[in-house]
Amino acid sequence: RAAELSRRAIDLAERHGWTDETAAGIAYLALGSVLAWQGRLGEADAWLRRAERTVRAEADPAVALAVRHIRAQLELARGRDADALAAFRGAERLAGHLAAPSALATPMRALLLLALVRLGETERAEQVVDGLGEDERDRGEIGVATAMLRLAQDDPHAATVALAPVLDESAPLGWRSWLVEAFLLEAIAR
């Protein structure tokens, strides 16, 4: 449904010459995000590039943050961990300019941890975990990311401890899709 509505908005923008407007950029972003989640990475990249050309961080930092967040996810999916890390760092900088914390902050930090672990930078990942506040540390996304870190540190027991509140659903999750990864990591740890 999101892809359908995005395509309608894009068609409307093209008919009226609004393709460089922020609203069109949001439609490009939404379509790119849906395509990325569907695993259609090449198509997602094309729409995300249009969003990156259209959305201006100084005009709408929240939308620009979302664009960078989806870019980072796309690069992680492609196995381009260093590019994902750079996109996450850019998103973090933008988040610092927002008047209120972004709902993307915790999932973004969890994915940043994943990128660091995949790059073998476990010490930097540990520093990120150590720097988290208690509220953020109790989130399910962070539990999953911490479990990944613990597995990379060859500590499967600590991984299962980090996953326990995710699997019993006492740790809040923004997206239930994180549960899939939690169960997979639990199986690997055991």
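FYI, side chains are in, hydrogens and waters are out, and symmetry mates aren't considered; it's all heavy atoms of this structure.
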Does [X] come within less than 4.0 Å of [Y], counting only side-chain N to carboxylate O?
X	Y	answer
Arg71	Asp45	yes
Arg176	Glu169	yes
Arg150	Asp155	no

Do you know which two heavy atoms are closest between [X] and [Y], and how far apart they sit?
X	Y	value
Ala36	Ala44	N-CB, 3.5 Å
Ala72	Ala84	O-CB, 3.5 Å
Leu185	Ala147	CD1-CB, 4.3 Å
Ala110	Ala145	O-CB, 3.5 Å
Tyr28	Trp47	CB-O, 3.5 Å
Ala51	Val67	CB-CG2, 4.2 Å

Is there a donor-acceptor contact under 3.5 Å linking the side chains of [X] and [Y]?
X	Y	answer
Gln38	Glu43	no
Glu141	Thr106	no
Arg124	Gln127	no

Are [X] and [Y] close enough that some pair of their side-chain heavy atoms sits under 4.5 Å apart?
X	Y	answer
Glu75	Leu85	no
Arg68	Glu52	no
Pro156	Leu151	yes
Val128	Arg109	yes
Thr19	Thr54	no
Thr160	His157	yes
Arg139	Leu132	no
Val166	Trp178	no

Spatial distance of atom [atom1] ([X]) from atom [atom2] ([Y]) [nearest 0.5 Å]:
X	Y	atom1	atom2	answer
Glu121	Leu116	CD	CG	5.5 Å
Glu181	Ile188	CD	CD1	8.5 Å
Trp37	Leu74	CH2	CG	12.0 Å
Glu123	Gln153	CD	CD	9.5 Å
Thr146	Leu163	OG1	CG	9.0 Å
Leu41	Leu48	CG	CG	11.0 Å

So, does [X] use its side chain to make a donor-acceptor pair with the main chain of [Y] at under 3.5 Å?
X	Y	result
Arg118	Leu76	yes
Arg137	Asp130	yes
Arg56	Arg53	yes

Would you say [Y] ends up clustered with [X] if hydrophobic residues are merged whenever their side chains have heavy atoms under 4.5 Å apart, either directly or through other cluster members?
X	Y	result
Leu111	Leu184	yes
Met108	Leu29	no
Val161	Leu179	no

Review item, side-chain donor-acceptor pairs of residues 4-16, under 3.5 Å, at least two apart:
unit_1: Glu4; atom_1: OE2; unit_2: Arg1; atom_2: NH1; d: 3.3
unit_1: Ser6; atom_1: OG; unit_2: Ala2; atom_2: O; d: 2.8

Mind running side-chain contact (heavy atoms from CB on, under 4.5 Å) on Arg40 and Val34 for me, showing each step along the way?
CA-CA 9 Å; Arg40 296 163 61 184; Val34 168; over 6 Å; no
